[in-house]
Amino acid sequence: MTSLFALVDCNNFYASCERLFNPDLIGKPIVVLSNNDGCVIARSNEAKALGIKMGAPLFEIKDLLARDGVHVFSSNYELYGDMSRRVVLTLSEYSPNVEVYSIDESFLDLGNFLHVDIQAHARAIWERVPIATGIPVAVGVAATKTLAKLANRLAKKSRKANGVLVLTDPVHVEAALKATEIGDVWGVGRQYARKLALYGVRTAYDLTRQTDSFVKRHMTIVGLRTVKELRGEPCIDLEMVPPSKQNICTSRSFGQPLIDLSDIEEALATHAVRCATKLRKQGSCASALTVFLETSRFAAPGQVYFSSRTVQLESPSASELVIMPQALGALRAIFRSGFRYKRTGIIVTGICPAGQVQQSLFEPDNRKRDSGLMDSLDTLRKRFGHSVVKYGVQGTAGKWEMQSGKLSPCYTTRLDDLIKAR
DNA sequence: TCTGGGGTCCTAGGACCC
DNA sequence: TCTGGGGTCCTAGGACCC
C-alpha cells in the first residue's frame with residue numbers, strides 16, 4: 001500500500017476572494033492588507049508582476065500603489081472564511097479524507113485510489129473548484145505531504161504543468177528536488193536556509209543527501225522528519241480532525257497609539273471575552289492566563305516597553321466572568337504611564353477538556369451558574385454578532401479599534417451588505 | 001505618524017526529588 | 001556539606017507554519 005497526498009492551494013486566495021464579487025477587477029492588480037492596514041499579506045498576479053513584495057509596509061509603498069492603480073483592500077476574514085468553507089466542501093467530493101490545513105490549503109488523502117487515474121483526478125479538481133466557487137487553485141500530488149507541497153509550488157510555477165503536478169515518478173521527483181531551493185521547502189525557514197548554505201546545502205536535493213545525524217544535529221528531529229519526507233518516506237499523517245488547541249491567544253494592534261489605561265482596558269476586556277468564547281467553542285477550560293502589553297517595536301529606545309503577567313486561576317474556567325476580571329487585574333499590574341502603547345492581548349494556557357474540571361475545595365461553585373449564562377451568550381452572539389452583549393468596561397469609544405478603511409462588503413454572510421452592494 | 005495575528009513543536013537549563 | 005545517577009516538571013527562547 002502506497003501513500004499519496006494531494007495538496008490543493010487556492011491561488012492568491014484573499015485577492016481572488018475580493019475579485020469574485022467585483023468582476024471589474026479581473027486582470028487588475030490587487031493587494032490585501034493585514035489587520036490595521038499595516039502591510040501587504042496577499043497580492044494578485046498583476047500586483048506581483050509590479051514587484052510589490054509580500055509583507056511590504058503600506059506606508060512605504062503607498063505612492064507606488066497609487067501610481068500603478070493598484071486596488072487596495074483591508075482584510076475581510078468573514079468573507080474569506082466563508083469562501084474557504086465552500087472550497088473545502090467542493091474538495092470533499094474528491095476524497096473522503098480531507099485535512100483543512102489553513103484557510104487556503106487542504107490536503108487530500110488519495111492513498112487507496114488504486115483504480116483511479118490520478119493525473120485525471122487532480123486535473124478534475126483543478127477544473128471543478130473554480131467552477132463551483134470562483135476560486136482558482138493549484139494541485140500537487142506526491143507520496144508525502146512535504147513532496148505534495150513541493151509539487152504544488154511547481155504546479156503553479158511551471159507553464160507546462162498548468163496548475164497540476166503529479167510527482168510520483170522517481171526521475172521526476174529528483175528533478176523537482178534539484179529545482180527547488182532549500183528555503184522553499186516546507187519546514188525550512190530563513191534561519192535554517194542560511195545555516196544550511198554555510199554547509200553548501202542549497203537545494204532540496206542537497207538536503208536529501210545529508211546524513212540523518214547531520215540533519216538532526218542542525219535542525220532537530222523536526223528537520224529530520226522533513227528530510228525523510230523529501231526522500232519519499234511519509235512521516236506526517238493527515239489530520240482530519242484538528243487537535244484541540246493548547247494555547248489560545250487573542251490580541252490586536254490598536255488603530256492608534258494609546259496612552260490611557262482606560263482605553264487599553266476596553267481593548268483587553270473585548271479580547272478576553274473573545275478568547276473565552278474561543279475556549280468554550282472547543283469545549284475547553286483554561287487554568288492560567290497571560291496578559292501582555294507593548295509599545296511599538298519600532299519606537300525610539302527608552303520608549304519601548306514590553307511586559308506580561310501570568311495569573312493562575314483558582315480552578316480551570318471558560319467563563320468570561322472569571323477570565324475578564326483576572327485579565328484586567330493583570331493589565332493594571334503591568335501598566336506604566338508615560339508610554340505610547342500599540343498592542344495588548346491575552347493568552348490562555350493549561351487547557352483541559354471542560355468535562356474534566358476539578359472543583360476547588362475552597363471556592364463557591366459558580367460554574368453551573370456561569371455555564372448556563374455562557375451558553376445563552378454564545379447563542380445570542382452567534383445569531384446577532386459579537387457586539388450584541390457587551391460589558392461596561394468594554395466601552396463604546398473604541399479608540400483602540402483597528403483601522404480597516406478599505407473593507408469590502410461581506411457579500412456571502414450579510415444580507416444587508418449584499419443588498420447595499422447591488 | 002504608518003511595519004498582522006494566531007498558532008505549533010523542540011531544546012536547553014534550572015529547580016527539585018529520590 | 002558532599003557524594004552520584006536519574007527522573008520530572010517548568011520556563012524561556014528559538015525555530016517553523018499560514
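Residue numbering restarts at 1 for every chain, and letters A, B, ... go by the order of the sequence lines.
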| If pairs are Watson-Crick or G-U with both distances under 3.5 Å, what is the dot-bracket string of DNA chain B, marking crossing pairs with [ ] and pairs to another strand with |? | ....||||||||||||||

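Residues A:N247 and A:R340 each lie close to DNA chain B; by heavy-atom proximity, the contact nearer the 5' end of the strand is made by A:R340. Between A:S244 and A:T220, it is A:S244 whose nearest contact on DNA chain B lies nearer the 5' terminus.
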Pairs of donor and acceptor atoms involving the side chains of residues 212-226 of chain A, under 3.5 Å and at least two apart or interchain, shall be tabulated with distances.
from: A:D212; atom 1: OD1; to: A:R231; atom 2: NH1; distance (Å): 2.9
from: A:D212; atom 1: OD1; to: A:R231; atom 2: NH2; distance (Å): 3.3
from: A:S213; atom 1: OG; to: A:T211; atom 2: OG1; distance (Å): 3.4
from: A:H218; atom 1: ND1; to: A:F214; atom 2: O; distance (Å): 3.1
from: A:H218; atom 1: NE2; to: A:Y199; atom 2: OH; distance (Å): 3.1
from: A:T220; atom 1: OG1; to: A:V222; atom 2: N; distance (Å): 3.2
from: A:T226; atom 1: OG1; to: A:V222; atom 2: O; distance (Å): 3.4

Please tabulate, one pair per line, all N/O donor-acceptor pairs under 3.5 Å involving side-chain atoms of residues 249-258 of chain A, not counting sequence neighbours.
from: A:T250; atom 1: OG1; to: A:K278; atom 2: NZ; distance (Å): 3.1
from: A:S251; atom 1: OG; to: A:R343; atom 2: NH1; distance (Å): 2.7
from: A:Q256; atom 1: NE2; to: A:K399; atom 2: O; distance (Å): 3.1

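A:Q246 comes within contact range of the sugar-phosphate backbone alone, with a heavy-atom separation under 4.0 Å but no base atom that close. Within the 4.0 angstrom heavy-atom criterion, only backbone atoms of the sugar-phosphate kind lie near A:K342; the bases stay farther away. Residue contacts for A:L33: at a heavy-atom cut-off of 4.0 Å it reaches no nucleic acid atom on any strand shown. Within 4.0 Å of A:N36, counting heavy atoms only, lies no atom of the nucleic acid at all. Residue A:K245 is in sugar-phosphate contact alone, with no base atom involved, counting any heavy-atom pair closer than 4.0 Å across all strands shown. Within 4.0 Å (heavy atoms only), A:D104 reaches sugar-phosphate atoms of the nucleic acid but no base atom.
Side-chain atoms of A:L65 and A:I52, non-hydrogen and from C-beta on, do get closer than 4.5 Å to each other. At least one side-chain heavy atom of A:R123 sits less than 4.5 Å from a side-chain heavy atom of A:N162.
A heavy atom lying under 4.0 Å from DNA chain B marks none of the residues of residues 178-206 of chain A. Near DNA chain B, meaning a heavy atom under 4.0 Å from it, residues 249-271 of chain A has A:C249, A:T250, A:S251, A:R252, A:S253 in order of number.
Atom NZ of A:K406 sits in a sparse spot, with 12 or fewer heavy atoms from other residues, nucleotides or ligands closer than 6.0 Å.
With a heavy-atom cut-off of 4.0 Å to chain A, the contacted part of DNA chain B has its first and last nucleotide at B:dC2 to B:dT11.
Looking at A:D378 and A:K382, no side-chain N of the basic residue comes within less than 4.0 Å of a carboxylate O on the acidic one, giving no salt bridge. A:D206 has no carboxylate O lying under 4.0 Å from a charged side-chain N of A:R209, or vice versa, which leaves the two without a salt bridge. Using a cutoff of 4.0 Å between basic side-chain nitrogens and carboxylate oxygens, A:E60 and A:K53 are not scored as salt-bridged. Contact check on A:E181 versus A:K157 returns no salt bridge, with no Lys/Arg side-chain nitrogen under 4.0 Å from an Asp/Glu carboxylate oxygen.
For an aromatic pair to be called close, the ring centres must be under 6.0 Å apart, and A:Y14 with A:F73 fails this. The aromatic ring centroids of A:W186 and A:F107 lie less than 6.0 Å from each other.
Taking the six-membered ring for Trp and thresholds of 30 and 60 degrees, A:F339 and A:Y305 have nearly parallel ring planes, at less than 30 degrees apart. Under the 30°/60° scheme for interplanar angles, the aromatic rings of A:F113 and A:H121 are found to stand perpendicular.
Evaluated for a side-chain contact (heavy atoms from CB on, under 4.5 Å) with A:M374, the options A:L321, A:T277, A:L279 yield exactly one hit, A:L321.
Of the P atoms belonging to C:dC18 and B:dT3, the separation is 24 Å, rounded to the nearest Å.
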